[in-house]
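For this chain, numbers begin at 1 and follow the sequence in order. Keep in mind it's a predicted model, so treat the numbers as computed, not measured.
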Amino acid sequence: MKLKDIKALASVQGPARSVAERLSRSCYSVEDMRKLAAKRLPKSIFEYIEGGGEDEVSLRRNRSSFDDWSFLPKWGSVDNLDLSSTLLGGPVSMPVTLSPTGGTRLFHPEGESAVARAALAAGIPYGLAHLSTTTMEDVSAAAPGLRRWFNLEPTSDKGLLQAVLDRVSNAGYEALLVNVDCRAIGHRERDYRNGFTAPPSIKPKTVVEGMLHPAWALGFLANDAIAFPNLDAEIPEGPLASSPDMWRTLLAGSYEPTDWDDIRELRERWNGPIVLKGVVNPNDAALAADMGIDAIQVSNHGGRQLDHMAAPLDVLQDIVDRAAGRMEIIVDGGIRRGSDVVKALALGADACSIGRPYLYGLAAASQAGVAHVLKMFHAEMTRTMMLLGVSTIEELRTEGRELIRHRNEAFARTQPTEPTWALQK
């Protein structure tokens, strides 16, 4: 090779001019972003994101269930590839939503507002948790054009329910995400081992972790206390304040007996779309469809609640059959790549929802980190669909079952056929 050839191949990059550019040079997958988040956060905070219930069997199965499915690409032209779709009657740039997550400002002081701005820029909905750490009104102000959904727990207190619904509506939230998997809080043993208890306490280990992560500690100390301002109908005034009782709400939980009658009452009181989050039983899916629920989110709460609970992907086809097209189906749990989204859509889902992936992005680089995660999902979906041989989300959902096989399914054997030229002899 001549010197001029070597010079032509030589490439020296200058310093990154933005956080987005730096991430594009160093983070090529959600796993890369996860590793960066692990460096930025104290261990106990990072493992609060990571952990699941008890032995974490459900947590692991959520991920491994996607590995059981293989693609069967078809040959043909792929024209005008388009990821856009509709969900709950509105447009989405790709069939992905951001799931509600509690305690989000623990991971970065800009918290839910940063997530909302990234979701708006990406053109996808964001579900704000009832245990969010930023008021729903402030999130609306941060991203006024965003398709905002609000997450709440069923309640039998009709006065409180109506007051909360009025506040949600006044803040411009178009849909409700209603948890049906939180009768108790899962036994999250990682948190106990890490001292992440209710209420939290400052121990020598906590101080050391803060010293080892000064950027996180400074952000944590310099901003409002971590609090949960969306649990009540009243809009809080002044800086948010923390208390031991508030932390018990997050980490210990409380159970109020509710049933299908309360869901029916909610349906009558709320004029917008309702998504039941946490459905894995096909019978419940059928009941929800009969009741006029607009969508369900097939979810085991990221493996954080009942351990050994079925992975959403494992029950998806049965739920699709029982829903019979009467409502939309969103899937979450274990989704780490755009190819995972493609697999779920091929099996009948209308969309997928992610939680941990965008929290990694938030912890690593605030809004730019979340935006980078969503950019990767969009690129991976585009590449997967191109290689699979489909041009649109509608085509993927229509033909998907012919383009994917489970490891336990027998591959159909086809009889060899003679080429057309041979038949013409």
Side-chain angles (χ1 to χ4, degrees), residues 87-90 97-102 112 125-132 136 139 147-186 228 230-233 249-250 253-302 304-306 309 312 319 322-323 326-333 349-353 355:
L87 193 62
L88 297 187
T97 74
L98 301 187
S99 275
T101 57
E112 293 87 354
Y126 172 39
L128 184 69
H130 68 299
L131 287 173
S132 50
M136 64 180 79
V139 172
R147 293 188 63 192
R148 298 181 298 277
W149 301 353
F150 186 75
N151 166 236
L152 52 74
E153 301 281 344
T155 178
S156 58
D157 184 334
K158 306 312 176 189
L160 174 62
L161 173 63
Q162 189 59 55
V164 170
L165 293 181
D166 290 343
R167 182 183 172 190
V168 171
S169 179
N170 291 336
Y173 288 73
E174 67 175 54
L176 299 179
L177 279 162
V178 184
N179 287 345
V180 292
D181 58 358
C182 292
R183 281 177 289 224
I185 297 297
F228 307 106
N230 296 315
L231 293 173
D232 302 314
T249 300
L250 173 63
S254 60
Y255 172 55
E256 178 185 358
T258 53
D259 56 24
W260 284 104
D261 288 337
D262 297 296
I263 301 299
R264 186 175 291 106
E265 174 87 9
L266 183 61
R267 173 71 286 176
E268 293 173 356
R269 289 174 178 267
W270 179 257
N271 293 325
I274 294 177
V275 183
L276 292 191
K277 180 180 178 293
V279 175
V280 295
N281 190 314
N283 292 331
D284 283 351
L287 285 170
D290 292 341
M291 198 173 291
I293 297 299
D294 302 275
I296 57 172
Q297 190 157 319
V298 185
S299 171
N300 61 19
H301 216 91
R304 295 168 69 81
Q305 288 292 89
L306 175 64
M309 190 172 174
I319 285 178
R322 293 297 298 276
R326 293 177 292 167
M327 61 185 177
E328 293 181 306
I329 297 173
I330 304 168
V331 175
D332 73 31
D350 294 282
C352 289
S353 195

Quick check: closest heavy atoms across [X] and [Y], and the distance to 0.1 Å?
X	Y	value
Ala129	Asn151	CA-OD1, 3.6 Å
Ser169	Trp270	CB-CZ3, 4.1 Å
His130	Phe150	CA-CZ, 3.9 Å
Lys277	Ser299	NZ-OG, 4.1 Å
Ala285	Ile319	CB-CG2, 3.9 Å
Met309	Leu306	CB-O, 3.0 Å

Nearest 0.5 Å please: distance from the [atom1] atom of [X] over to the [atom2] atom of [Y].
X	Y	atom1	atom2	value
Ile330	Cys352	CD1	SG	9.5 Å
Glu112	Leu98	CD	CG	12.0 Å
Glu153	Leu177	CD	CG	11.5 Å
Met327	Arg322	CE	CZ	10.0 Å

Taking [Y]'s backbone N and O only, do any of them form a donor-acceptor pair with [X]'s side chain (distance below 3.5 Å, no angle check)?
X	Y	result
Tyr173	Met136	yes
Arg304	Gly186	no
Asn179	Cys182	no
Glu328	Leu88	yes
Ser156	Thr258	no
Arg167	Asp232	yes

For [Y], is there an ion pair with [X] - N to carboxylate O distance below 4.0 angstrom?
X	Y	value
Glu174	Arg147	yes
Asp290	Arg326	yes
Asp294	Arg267	yes

Decide side-chain contact (heavy atoms from CB on, under 4.5 Å) for Ile263 and Ile293; before the verdict, give the C-alpha distance in whole Å, the side-chain angles of both, and the deciding distance to 0.1 Å. CA-CA 9 Å; Ile263 301 299; Ile293 297 299; 4.0 Å; yes
If you apply the rule salt bridge (charged side-chain N to carboxylate O under 4.0 Å, His left out), what do you find for Arg269 with Glu265, and how did you get there? CA-CA 6 Å; Arg269 289 174 178 267; Glu265 174 87 9; 2.7 Å; yes
Just checking Asp259: does its CG atom have more than 12 heavy atoms from other residues, nucleotides or ligands closer to it than 6.0 angstrom?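 Correct, the count exceeds 12.
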When you check the side-chain N and O atoms of Ser99 and Gln297, is any donor under 3.5 Å from an acceptor? yes
Any chance the side chains of Asn300 and Asp181 put a donor and an acceptor closer than 3.5 Å? no
Side chains of [X] and [Y]: closer than 4.5 Å at any heavy-atom pair?
X	Y	value
Val298	Asp332	no
Leu152	Leu165	yes
Pro154	Val178	yes
Pro257	Arg183	no

Pick one: which of Val279, Ile296, Val275 meets side-chain contact (heavy atoms from CB on, under 4.5 Å) with Ile329? Ile296
Mind checking what makes salt bridge (Lys or Arg N to Asp or Glu O under 4.0 Å) contact with Asp262, not counting sequence neighbours? Lys158
Could you walk me through whether Trp260 and Leu287 satisfy the side-chain contact (heavy atoms from CB on, under 4.5 Å) test, starting with their C-alpha distance in whole Å, then the side-chain angles of each, then the deciding distance to 0.1 Å, before giving a yes or no? CA-CA 9 Å; Trp260 284 104; Leu287 285 170; 3.7 Å; yes
